[in-house]
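Below, chains carry the letters A, B, ... as their sequence lines are ordered, and counting in each starts from 1. Note that the coordinates shown come from a computational prediction; the quantities given were computed from them, not determined experimentally. Computed over heavy atoms, backbone and side chain alike; hydrogens, waters and symmetry mates excluded.
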Amino acid sequence: MTKPQATSRVLTATSGHEGPLLQVDDFRTHFETPTGIVKAVDGVSFTLKRGDTLGIVGESGSGKTVLARSVMGLLTGKNVIRSGSARYNGTELVGASESQLRDLWGTEMAMVFQDPMTSLNPVLKVGRQITEGLRYHLKLSKAEARAQARQLLDSVGIPDPNRRISQYPHELSGGMRQRVTIAIALACGPTLLFADEPTTALDVTVQAQILDLLQRQQIERFMAMVLVTHDLGVVAGRTDHIAVMYAGQIVEYAPTRELFANVLMPYTDALLHSIPKLSQPSHTRLQSIGGRPPDLINPPSGCRFAPRCPYVQPKCTSEMPPLQEAETPGHFYRCWFPVGTDAGREALAQNAALGIPAAVSLTQTLADKPGGTA
Amino acid sequence: MGILKGAVTRLLKLLAVVLVVSFLTFSLTKLLPGDPVVVLLGPQYSNVELREAVQEDLGLNRPFLVQYGQYLGNAVQGDLGRSYTSSFKTTTLLKQKLPATIELMLLAQLFSFVLAVPLAMLSAFRSNSRTDKAITTASFGLIALPGYAFAVFLVYFFALRFNFFPAIGFRPLSDGIGPNLRSIALPLAVLVAGLTAVYTRLLRSDLISTLQEDFILMARSKGLPTWHILLRHAFRPSSFSLITVFGIQFGTLIGGAVILEQFFVLPGIGSLAIESILKRDYLVVQGVVLVIAISFVLVNFLIDILYSILDPRVRRTGA
Amino acid sequence: MTDLVSPTDGVAITPPPPSTESGRKSKKPKKPGALGVGGWVAAIWLITLSAGALLAPWLPIDDPAKTDFSVAKNNSSPFTAGHLLGTDNNGYDIFARIIWGGRVSLVVAAGVLIIGMVVGGTIGLLAGFFRGKSEAVLMASVDVFLAFPALILLIAIVAFMGADLLNVVLGISLVSIPAFARISRASTLTYSQREFVLAARAAGASQKRILVREILPNVILPLLAFGLLVVGIAIVAEGSLAFLGLTSTETISWGGMINGGKKPLQQENIAHTAMIPAVTMFLTVLAVNLLGDRFRSAFDVKDSAL
């Protein structure tokens, strides 16, 4: 993956703003509900440069989708409370009015949604759904917009765009539809693209194609991309950084290569053990993460992963670990007894000796695979 | 091709409905007590020869199915028989009475649709806001308000207290649009109030569920203006049940106008139906019911076609 | 039409908690099953009306058929000389007639609800369960019925069969049966395909047992929800007939009172004769609809299913 770094500096300079394209600081999104305040995103910070890709990984309910939608400002409603800061190119997005945001949507930032079956309007032709943004934002004529739409469909790998443009979404296959939503997202030339689980609803055979397409477009258009997924395998070769989310917080953040080489957070470790690897023998048992994500109305007072963690110690349930930088610069984690450290190994051994099921089964798995991450 | 084939099947089915309705009406008028000959002859009914002559003349002594067959045969040729009581042709009576009813119905549908769509959008878009609550409460109340009860109030305030509109009577369009509209303003207001409430409620609840769809979020993320999203993206997929009920209301309205036509003394086919029923004027009753059934069936045929235009998914499955 | 009612959500209509906070100003959405302030007002209104209607002969009110011209030549305004709501142009006490008129509405409501639900519900249940020809016939007759002007049919029935209360009730019930049958069929269809019915079938339960024990209890809820809607319509329909002067003049009915009040409305500008029964009918239908609405949300019956 070669990044045109030189161009980066030039473009950032011309945009009149020094520094990262997206800067998120202590960002929170809470929902008021009859039963209490749901802290879906609770103090998240990260930055993203133009040309870079950030992977946000977590299981369902970790707040990753809410984070993406909320940063963009798509969540409206009286019960949504956003706080902290999210700056796009220096412009504060938190507290911006809908009309201010609308000027950025489509042209500056765009989103590809999870399920192309439901994110395309069933009663409008594919062409119209692409051209409406072009006509509104770029003030193109009907003919110009149509030509542009054809070109877009072609560039996202849809064969015979002339025919597809006048078809309805239900006449297209799932992979084809996701290509269309990507074309729509790219239509007005955004510099920041959010892709929210773009392959979850698709057949395994087309998942890689869609991811490749996103990656190619991201490089060609020199966009910043936020790739939200529950699957570490998806982000493995395709992102520059990975943020692992759990219960509304970032629990580990590192350059992709560093994260896979040197996992520190037990939750990330558990996620890694729960995906099948081709290198493993065919009947290797996958490790599931026992228990459920915590209640986001009254999250645990200590580490939020503590109730499910095989490494858990008394300190974990009373004190929330801060997001601290590891020895490797740029690698952040939120844990008192990190994986692969002496403290971690000791904690795990202690728990296994006490017969705590999660610790016992993890120890076994590690013993089965000599090359395990711990 | 699919549309055409579906339309033909549908049309045949609707034709069958009209036939059954006409047969039922015919049977009902025969089965129900009350002999039109009594009405025709009055005290002379006891004169057996005269009675039989009249029955022979009207074809009333032939077998039931033969009578129906004849009626149907004539009906296809545009002859719905002659009124027993007024010597007018049924078709003439219908032609006289239809304009007022049709005008009232079309205007009521038009106004309530035009009012309901923006109201429902406002309500659904700002769901749970004060505006929404006001609109939903008002429509809930209006649905519970019987038309004739409302009519009493309107007449009292707008016709008697303040002489804005005439309380009763009808001025045809040939008297000029102004007087014509003034003469039907009050019954129209009653119909529009009720229909608008029904349509607003229906469209609002469908819009609210559509607005939660992913494709609306997608449309928003394109940075399109709100009105564009509401009109282009949300309205069409939300309009299906509205359109279905809209079609059904055509049938209900023609029959339902009976009361308002009586109250406001409008020369419509509702009044014609009541008068004919009370006078045992079977042929006219049959004619009225037939006209109502046919127009209902036709409107719903058109609605079906509209439906398949609005929803591309139906086009394939409908074939 | 799928998932008309989720059986697990069967929350009973319970009184609201004793704390007065939960009523008006609290921002929390209403708990499912709670009547709310409006619901309670509606329920009290209907209970009072029904009690008055049932007990009318023993209540200390004027004889509704006794004329009193002592106050004025005819119409007298409300709150005059022993007549709470005044008298109409025949010298009848309006308050007494409102109470007695409630009897007719009550009979119509109960009669139509019972006949419509039992007959229409059974037809729909059988059609939806056994499918085949009975279902085809049912659906065809619903199509025909929709094209048939209901009010004209009703008027015809009353005009030809006689205008007594029994015929009015039978006529309105008849008109309502196809709608009940349609609702009942739709929910029967849904439930026939649910797992618990399959399970009962696999366990060797007889058709009759499945129909009565498994499906019927689930179909009754949406049917009752629809029934409440029909009650309002039935009261208005009876009123329409009386308003048109088609029912017996001896029956005291709100619609008849509105009809009787039309004349003074125009001639003497004394509006209350027509307005009091009109308002009474409006409030009653409103109360029935409101309770129906609460009922539907409590039992999660979707509006679109009706």
Contact residues of residues 132-148 of chain A (partner chain B; heavy-atom separation under 4.5 angstrom): A/Glu132, A/Gly133, A/Tyr136, A/His137
I need the minimum non-hydrogen distance between B/Ser221 and A/Phe113, along with the two atoms involved. OG-CE1, 3.7 Å
Does B/Ile177, at its CD1 atom, have more than 12 non-hydrogen atoms belonging to other residues, nucleotides or ligands within less than 6.0 Å? no
Contact list (residues 123-142 of chain B to chain A, heavy-atom gap under 4.5 Å, by number) returns B/Asn128, B/Ser129
With rounding to the nearest 0.5 Å, note down the distance linking CE in A/Met111 to CG in B/Leu217. 7.5 Å
Chain B contacts, top residue of A/Leu104, A/Thr76, A/Asp103 (heavy-atom pairs, under 4.5 Å): A/Thr76
Are there over 12 heavy-atom neighbours, none belonging to A/Arg28, within less than 6.0 Å of that residue's CZ? yes
Residue pair B/Pro312 / A/Pro122: nearest heavy atoms and the distance that separates them: CG-O, 3.3 Å
Name every donor-acceptor pair, under 3.5 Å, that has one atom in a side chain of residues 239-250 of chain B and the other anywhere in the protein, sequence neighbours excluded.
unit_1, atom_1, unit_2, atom_2, d
B/Ser239, OG, B/Arg236, O, 2.8
B/Ser241, OG, B/Asp206, OD2, 2.2
B/Thr244, OG1, B/Phe240, O, 2.9

Minimum heavy-atom distance between A/Leu74 and B/Arg220, given as atom pair plus value: O-NH1, 2.7 Å
Crowded around A/Arg128 CZ? As in, over 12 foreign heavy atoms under 6.0 Å? no
Checking A/Met117 against chain B: side chain, backbone, both or neither under 4.5 Å from a heavy atom? neither
Apply side-chain hydrogen bond (donor to acceptor under 3.5 Å, both in side chains) to residues A/Thr118 and B/Asp214 and explain how you reach the verdict. CA-CA 6 Å; A/Thr118 57; B/Asp214 281 355; 2.8 Å; yes
Need one label for A/Gln129: side chain, backbone, both or neither, based on atoms under 4.5 Å from any heavy atom in chain B. both
Counting only pairs under 3.5 Å, give me each side-chain donor-acceptor contact of residues 13-20 of chain B, with atom names and distances, residues two or more places apart or in other chains.
none

Which bit of A/Lys78 is near chain B, if near means a heavy-atom gap under 4.5 Å: side chain, backbone, both or neither? side chain
Go through the atoms of A/Thr181 and report whether side chain, backbone, both or neither lie under 4.5 Å from a heavy atom of chain B. both
Short question: side chain of A/Asn121, backbone of B/His233 - any donor-acceptor pair under 3.5 Å? yes
